[in-house]
Amino acid sequence: MKKLSTILAIGATAALTVTACGGTNSGGPSTPNAAPTDKVLHLSFLQDPGQPPDPDIYYAGQGLLLTTNTYEGLLQYKGGTDKAELQPLLATEWTASPDNKVFTFKLREGVKFHDGTPFTSAAVKASFDRRAAVNQGPAYMVSDIDSVTTQGDYGVTVTLKAPNSAFLDYLACPYGPRMLSPEGLQKNGGSDHAQGYLTNHDLGTGPYTLTAAEVGSKYELTAFGDYWGTKPYFEKVELPVITDVSAQQLQFNNGQLAAILHDLPSSAVQSYLDNKSFANYSLPTMMSNFVYINPKKGMMTDVKNRNAVMQAIDVDELVKQTYFGRGKKADQIYPANMMAAEYGKQSVTHDPSVLTQVAAGLPADQKSVTIGYDSSNPDNQLISNLIQTQLAAAGLNAKVQAYPTSEIYGWIGGDGQAGPEIMTYLGWPDAPSPYTWGHISWDADGGLNFFGCSAPAVTAALAKGLPTGDNADFSTAGEEAVKTGCWLNVANVNDFMVAQPWLKGVEQAHVVTDPNTLRLAALSVG
C-alpha cells in the first residue's frame with residue numbers, strides 16, 4: 001500500500017501494451033471499417049450484468065460499463081496508464097489529515113444531476129447515507145464515516161471513526177460511493193431507498209444517462225446534454241445482451257459492433273491477434289485468475305490436502321495454454337499492479353507427487369472432486385479442464401461444472417456444501433489498496449470469500465496495516481493467506497479488447513482499476 005496524498009501512484013511494472021492494426025474486411029454483410037455517421041456506438045454484454053446498475057448495489061463485472069459512465073464520485077483514477085493515480089472528478093481539491101482520519105474536499109461548481117438539480121455539498125452526505133442504508137456489498141466503504149459536515153455549497157469535511165489509509169481509494173474506485181441527487185432520492189425513495197427506481201433509471205452526474213434497462217435483453221445510454229465536462233462524441237450507446245460468444249464475434253466481424261470489451265476465449269484471442277482487419281488491445285488491469293479451494297467440503301477440510309492440490313497444479317501450463325498475448329504467471333498472491341514485486345510473494349512448488357501420495361491414502365468417496373467456474377468466463381472453462389487432467393494424473397476423480405455468477409455469490413456466508421471443492425475465478429479488487437483485496441477475499445465476511453476461508457493471522461495483519469497503509473503488514477497478510485491452502489494466484493490478466501479500426505481513444509478510455517469497461521466519453525471516430 002502507500003501513504004495517501006494528492007496523487008497516488010501504485011507501484012507497477014507492467015507496460016501498457018497496445019496493438020492496433022488497420023485494414024479492410026469484406027467478409028460480412030456490412031463493411032467493418034466504416035465509421036458510423038449517426039453517432040451511435042454499438043457494444044454488447046456477453047451476459048446480463050446480473051445486478052441492477054445501482055452504484056450502491058452493483059458489485060460484479062460487466063455492468064461497470066453502465067455504472068461508471070452514468071455516475072461520478074468525488075475522485076477518479078487516471079486513464080491510459082498501469083498506475084492507479086488519483087485525479088479530481090466532482091471534487092477539485094482534497095486533503096487528508098496525517099492520521100488518515102479527516103478528509104476535506106472542495107467541490108466542483110456548475111455540475112447538474114440528470115434530474116436537472118444542482119450538485120452541491122448536500123449530495124455528499126445524502127449519497128453516503130443512502131449507500132449505508134441500502135447495505136449491500138460495497139457499503140463497507142462508508143461504514144466507518146463518523147460525520148459529514150459542509151462548508152457552504154462547495155466544501156465538505158468527512159471524519160472517520162478510525163484512521164483508514166484506503167479511504168481515498170474507496171472514493172475513486174469503480175465500486176466506490178457515487179454522488180446521487182438528494183432530491184431524486186427523496187422523490188423516488190419509496191420504501192427501499194429508490195432501489196426499485198434505480199433498476200431502470202439513474203440519478204447520477206455522468207456523461208451518459210440510463211435510458212433503457214431490459215434485463216436479459218438490452219441496455220441503452222444516452223449522452224446527457226447538460227454534462228459539466230467535455231461532451232461525448234457518441235450521443236447514444238446501445239448494449240444488447242448477446243449470450244452466445246460466437247454470435248457476438250460474428251456481429252463484430254460484420255461491423256455491427258464497434259468493439260468487444262471482455263470475455264473473448266483464448267481461441268478468439270489468437271484469431272484477432274492474427275487478423276489485421278481489426279484493432280486489438282491488451283491493456284493493464286488488476287485482474288488475476290485465482291484457484292479457490294473450499295475448506296469446508298470433502299478432502300479439502302484438511303489443510304495438508306489443500307496444499308497438495310495446489311502443488312499438483314501446473315501453473316506454467318495453464319498460463320501458456322490460456323493467456324498467451326494477454327497475461328503472465330503471477331508471482332504474488334495479490335492481483336497485478338497493486339504492490340511492489342517484493343511483497344506478498346506466493347511460493348508454491350509444483351510437485352504432483354505430493355497429491356499422488358495423499359490420494360493413495362484417501363477412501364474412494366473422498367477422491368471425487370468438482371472444479372467449478374463462472375459460466376460467463378470461457379477462459380476458466382479451459383483452465384478448469386486443464387486442472388481436471390492434472391488432478392486426474394495425481395489420482396483424483398475430478399469433474400468440471402459451470403455455475404452462473406449469481407449462484408457463486410450465493411455461496412458467501414454459507415456452509416460451503418453448495419459449492420464445489422475447487423473453483424477457478426477471475427477476480428479483481430474493488431479498490432487498489434491491498435487492504436481492500438485482502439478484506440474482500442480473506443476476511444471471513446469478505447464479499448469475494450466464497451467459501452469462508454480465513455485465519456486470525458490474516459485478519460490481524462490486515463487490521464494492523466489499515467491505519468497507515470504499511471506494505472509490510474499487507475505482505476504478511478498475503479503470506480498467511482497462502483498458508484491456508486485456500487487461494488492460488490495463477491495469472492495476472494490484461495483486458496484484451498478488439499475494436500473496429502475507426503474507434504479511437506480506447507487506450508486513454510481504459511483505467512487500470514476498472515476491468516471490462518471503458519470511459520465512453522473518451523471515445524470517438526477517426
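The analysis underlying the following values was restricted to heavy atoms, covering all of them including side chains, and did not include hydrogens, waters or symmetry mates. All figures in this text were calculated on a predicted structure; none of them were measured in a lab.
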- [ ] Answer yes or no: is there a side-chain heavy-atom contact under 4.5 Å between Pro515 and Leu64?
- [x] yes
- [ ] Pick out which of Leu362, Leu391, Val358 makes a side chain to side chain contact (heavy atoms under 4.5 Å, CB included) with Lys367.
- [x] Leu362
TODO: Measure centre to centre between the rings of Tyr334 and Trp442, then say whether the value is under 6.0 Å.
DONE: yes
Open item on the list: Is the distance between the ring centroids of Phe496 and Tyr272 under 6.0 Å?
Closed with: no
When you compare the side chains of [X] and [Y], does any donor N or O come within less than 3.5 Å of an acceptor on the partner?
X      : Y      : answer
Asp56  : Tyr71  : no
Ser288 : Asn492 : yes
Asn380 : Asn289 : yes
Gln270 : Asp274 : yes

TODO: I would like to know whether Tyr59 and Tyr409 meet ring pair (Phe, Tyr, Trp, His ring centres under 6.0 Å); could you show each step before the answer?
DONE: CA-CA 10 Å; Tyr59 211 32; Tyr409 277 83; 7.4 Å; no
Open item on the list: Atom NZ of residue position Lys345 - does it have more than 12 heavy atoms of other residues, nucleotides or ligands inside 6.0 Å?
Closed with: yes
Open item on the list: Salt bridge check, Lys329 against Asp316: does any charged N sit closer than 4.0 Å to a carboxylate O?
Closed with: yes
TODO: Quick one: sort the Phe45 and His262 rings into parallel, tilted or perpendicular, breaks at 30° and 60°.
DONE: parallel
Task: Exam field: side chain Asp443 to backbone Gly446, donor-acceptor pair closer than 3.5 Å - done: no
- [ ] Measure across Tyr281 and Leu503 and return the closest heavy-atom pair with its distance rounded to 0.1 Å.
- [x] OH-O, 4.0 Å
- [ ] Could you tell me which non-hydrogen atom of Ser353 sits nearest to which non-hydrogen atom of Asp351, and how far apart they are?
- [x] OG-OD1, 2.5 Å
Task: Phe290: which of Phe451, Trp437, Tyr425 passes ring-ring contact (aromatic ring centres under 6.0 Å, His included) - done: Trp437
